**Student:** 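My structure is below; once you've seen it, I'll send some questions.
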Amino acid sequence: MGNTLPNPHDTLFKALLEDPERAGALLRESLPKALTDKMSGDPQPVDGSFIDENLRGTHSDRLFQVALQDGRTAFIYTLIEHKSWPDMGAPLQLMGYRHRIWTRYAQDKPERLRTLPPIITLLVYHGRTSWDVPTRLIDCIDADEDLLELQRDGRYTVKDLTGSAPVYEDFSDHPLLRAGLAALAWAFVKQFHPEQLARLLRDLPDEHPLTRQILIYIVRVHTMTENEFKQGVAMAKPHLVEALTMSLAQEWMDRGEARGLQKGIQQGLKRGEAQTLLRQIERKFGPQAKTHCQQRVQQADEAQLLQWIDNILTAERLEDVFQNDSSLQ
């Protein structure tokens, strides 16, 4: 018969922290004054564990949320090590647990990702020898001071291809890389001009495999028409117009089918929304109201239809359904 008794270390640790006042005393006695001087009241426990399943026999944890005097909050994550010897993996494990705490905190509320509360960690250890593992992850990284500085605060580097709006030559000094990055950067521009395509093509060797890959990307993602594409090719590589047109013929066909399917789906959704609105108008205001509005409803775009569907829920008159729409005045 298997051992089903609870871990005695885990049981005692949780019993010690189950009372907020007692937990507050432990945290105030153990954590830096930079936090404890700002605490307002006792920490309140938060349900759940963040430990990896395979470590639960040797670790216990408890998360608390505490109000701060400036009106904000902080998390205090307590972890107890039940191992006989210090665990060299603790700094990395704690980084993973902080990630899980923040992820759960922001779940279904992405706006919280810009205002994450700080997480202060307390590790309680009761092994056979003293704790000699670094208390900062940065101290576990083998690098010179310049590279350590890039690691110190979790910083990352961004190459923003759109926000800085670089001119073409600034994307890269490497021609192939410059063309590929520009293709990515211009993917969401309203109009991709033949002149822009020609500029890309001048950097692309005729027979290089990346040339075809970049052109396929442009066909699939960008808004330019097939005629505009041919114009751009003719400006930079007139000798390849026919060859590239034939080579990419299937891509143009696939794009047409995909966009036709998407358009059909959107039109179907729009028809359904229009029918729903007309049915609601008929039930609320009568058949004549439906007849009066039918053409306008069927000609409306999706955004208008969704707004009118919302309006009819509280509308007392037919005019209230179409409020703020000048075409219906």
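As the structure is a prediction and not an experimental result, all values here were calculated from the model.
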**Student:** Taking all non-hydrogen atoms of both residues into account, name the closest pair between G232 and L197 and its distance.
**Tutor:**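 Heavy-atom minimum between the residues: CA-CD2, 4.0 Å.
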**Student:** Looking only at non-hydrogen atoms, find the nearest pair between R62 and P45 and report the distance.
**Tutor:** NH2-CB, 3.5 Å
**Student:** Can you measure from NE2 (H208) to OG1 (T211) and round to the nearest 0.5 angstrom?
**Tutor:** 6.5 Å
**Student:** Contact between T103 and H99 at the side-chain level, heavy atoms closer than 4.5 Å - yes or no?
**Tutor:** yes
**Student:** Within the 4.5 Å heavy-atom criterion, are I138 and D153 side-chain neighbours or not?
**Tutor:** no
**Student:** Would L31 end up clustered with L26 when hydrophobic side chains under 4.5 Å apart are linked, directly or stepwise?
**Tutor:**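 L31 and L26: one cluster.
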**Student:** Would a single hydrophobic cluster contain both W102 and L137, if residues Ile, Leu, Val, Met, Phe, Trp and Tyr are joined by side-chain heavy-atom contacts under 4.5 Å?
**Tutor:** no
**Student:** Does CD in E316 sit with more than 12 non-hydrogen atoms of other residues, nucleotides or ligands closer than 6.0 Å?
**Tutor:**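 No.
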**Student:** Hey, does the side chain of R112 reach the backbone of Y105 with a donor-acceptor pair shorter than 3.5 angstrom?
**Tutor:**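 Yes; at least one donor-acceptor contact below 3.5 Å.
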**Student:** Tell me whether S40 contacts the main-chain N or O of A67 through its side chain, where contact means a donor paired with an acceptor under 3.5 Å.
**Tutor:**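 Answer holds: no.
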**Student:** Would you check if the side chain of H222 reaches a backbone N or O of A183 as a donor-acceptor pair within less than 3.5 Å?
**Tutor:**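 A pair under 3.5 Å: yes.
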**Student:** Ignoring hydrogens and angles, tell me if any N or O in the side chain of R28 forms a donor-acceptor pair with the backbone of T36 under 3.5 Å.
**Tutor:**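 Not confirmed, R28 side chain does not pair with T36 backbone.
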**Student:** So do the side chains of Y97 and I119 get within less than 4.5 Å of each other, counting heavy atoms only?
**Tutor:** no
**Student:** Give the intermediate values and the outcome of side chain to side chain contact (heavy atoms under 4.5 Å, CB included) for residues L63 and R100.
**Tutor:** CA-CA 12 Å; L63 180 65; R100 292 176 188 176; over 6 Å; no
**Student:** I want to check something: taking the side chain as every heavy atom from C-beta on, are T135 and L123 in contact at a cut-off of under 4.5 Å?
**Tutor:** no
**Student:** Between Q44 (side chain) and D42 (backbone), is there a donor-acceptor pair under 3.5 Å?
**Tutor:** yes
**Student:** Testing the basics here: between P86 and T129, what is the closest heavy-atom pair and its distance to 0.1 Å?
**Tutor:**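 Closest approach of P86 to T129, heavy atoms only: CD-OG1, 3.4 Å.
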**Student:** Looking at Q191, is its backbone amide N or carbonyl O close enough to the side chain of W186 to form a donor-acceptor pair, meaning the two atoms are under 3.5 Å apart?
**Tutor:**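 No: the side chain of W186 does not pair with the backbone of Q191.
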**Student:** Rounded to the nearest 0.5 Å, how far does CD1 of I120 lie from OG1 of T78?
**Tutor:**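 One gets 13.0 Å once the value is rounded to the nearest 0.5 Å.
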**Student:** Calculate, to the nearest 0.5 Å, the distance between atoms CG and CG belonging to N311 and L318 respectively.
**Tutor:**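 N311 atom CG to L318 atom CG measures 11.5 Å (nearest 0.5 Å).
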**Student:** Using the side chain to side chain contact (heavy atoms under 4.5 Å, CB included) rule, take F64 and L17 through it: C-alpha gap first, then chi angles, then the decisive distance, then the call.
**Tutor:** CA-CA 10 Å; F64 296 89; L17 297 183; 3.9 Å; yes
**Student:** Taking K38 first and then D70, would you say they form a salt bridge - that is, a charged N and a carboxylate O separated by under 4.0 Å?
**Tutor:** no
**Student:** Determine yes or no for a side-chain-to-main-chain donor-acceptor pair under 3.5 angstrom, with R22 supplying the side chain and A15 the backbone.
**Tutor:** yes
**Student:** Strictly distance-based, threshold 3.5 Å: is any side-chain N or O of D320 a donor or acceptor partner for the main-chain N or O of R317?
**Tutor:** yes
**Student:** I76 and P43: which non-hydrogen atoms are nearest, and at how many Å?
**Tutor:**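 It is CD1-CG, 4.4 Å.
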**Student:** Are there more than 12 heavy atoms of other residues, nucleotides or ligands under 6.0 Å from atom CD of Q213?
**Tutor:** no
**Student:** Do L215 and L200 make a side-chain contact, defined as non-hydrogen atoms from C-beta onward lying under 4.5 Å apart?
**Tutor:**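 Contact flag for L215/L200 side chains = no.
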**Student:** Distance check, rounded to the nearest 0.5 Å: L122 atom CG versus L79 atom CG?
**Tutor:** 9.0 Å
**Student:** Would you mind reporting whether D87 and Q93 have side-chain heavy atoms less than 4.5 Å apart?
**Tutor:**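 Q93 reaches D87 side chain to side chain.
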**Student:** Can you confirm whether more than 12 heavy atoms, excluding those of Q65, are under 6.0 Å from its CD atom?
**Tutor:** yes
**Student:** Taking the six-membered ring for Trp, are F322 and W308 parallel (under 30°), tilted (30 to 60°) or perpendicular (over 60°)?
**Tutor:** perpendicular
**Student:** Hydrophobic clusters here meaning ILVMFWY residues chained together by side-chain heavy-atom distances under 4.5 Å, can you tell me if V189 and F229 are in one?
**Tutor:** yes
**Student:** Please name the pair of heavy atoms, one in P118 and one in T73, separated by the smallest distance, quoted to 0.1 Å.
**Tutor:** CD-O, 3.5 Å
**Student:** Do the side chains of R152 and E149 get close enough for a salt bridge, i.e. N-O under 4.0 angstrom?
**Tutor:** yes
**Student:** So do the side chains of L92 and C140 get within less than 4.5 Å of each other, counting heavy atoms only?
**Tutor:**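 Contact flag for L92/C140 side chains = no.
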**Student:** What distance separates H126 NE2 from I80 CD1, expressed to the nearest 0.5 Å?
**Tutor:**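 Rounded to the nearest 0.5 Å, the NE2-CD1 separation comes out at 4.0 Å.
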**Student:** What is the minimum heavy-atom distance between P194 and Q231, and which atoms define it?
**Tutor:** CG-OE1, 3.7 Å
**Student:** Do L201 and L210 share a hydrophobic cluster (ILVMFWY, side-chain heavy atoms under 4.5 Å, transitive)?
**Tutor:** yes
**Student:** Does M235 share a hydrophobic cluster with F192, counting links as ILVMFWY side-chain heavy atoms below 4.5 Å and allowing steps through other members?
**Tutor:** no
**Student:** Is there a side-chain contact between R178 and P175, using heavy atoms and a 4.5 Å cut-off?
**Tutor:**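 In contact.
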**Student:** Enter the distance from D301:CG to Q299:CD here, rounded to the nearest 0.5 Å.
**Tutor:** 11.5 Å
**Student:** Sequence neighbours left out, cut at 3.5 Å: what donor-acceptor pairs do the side chains of residues 165-173 make with other protein atoms?
**Tutor:**
from: Y168; atom 1: OH; to: D203; atom 2: OD2; distance (Å): 2.6
from: S172; atom 1: OG; to: H174; atom 2: N; distance (Å): 3.0

**Student:** Would you find more than 12 non-hydrogen atoms of other residues, nucleotides or ligands less than 6.0 Å from Q288 atom CD?
**Tutor:**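 Check fails, neighbour count at 12 or below.
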**Student:** Before giving the answer on side chain to side chain contact (heavy atoms under 4.5 Å, CB included), spell out for D206 and H239 the whole-Å C-alpha distance, their side-chain angles and the decisive distance to 0.1 Å.
**Tutor:** CA-CA 10 Å; D206 292 359; H239 58 289; 2.8 Å; yes
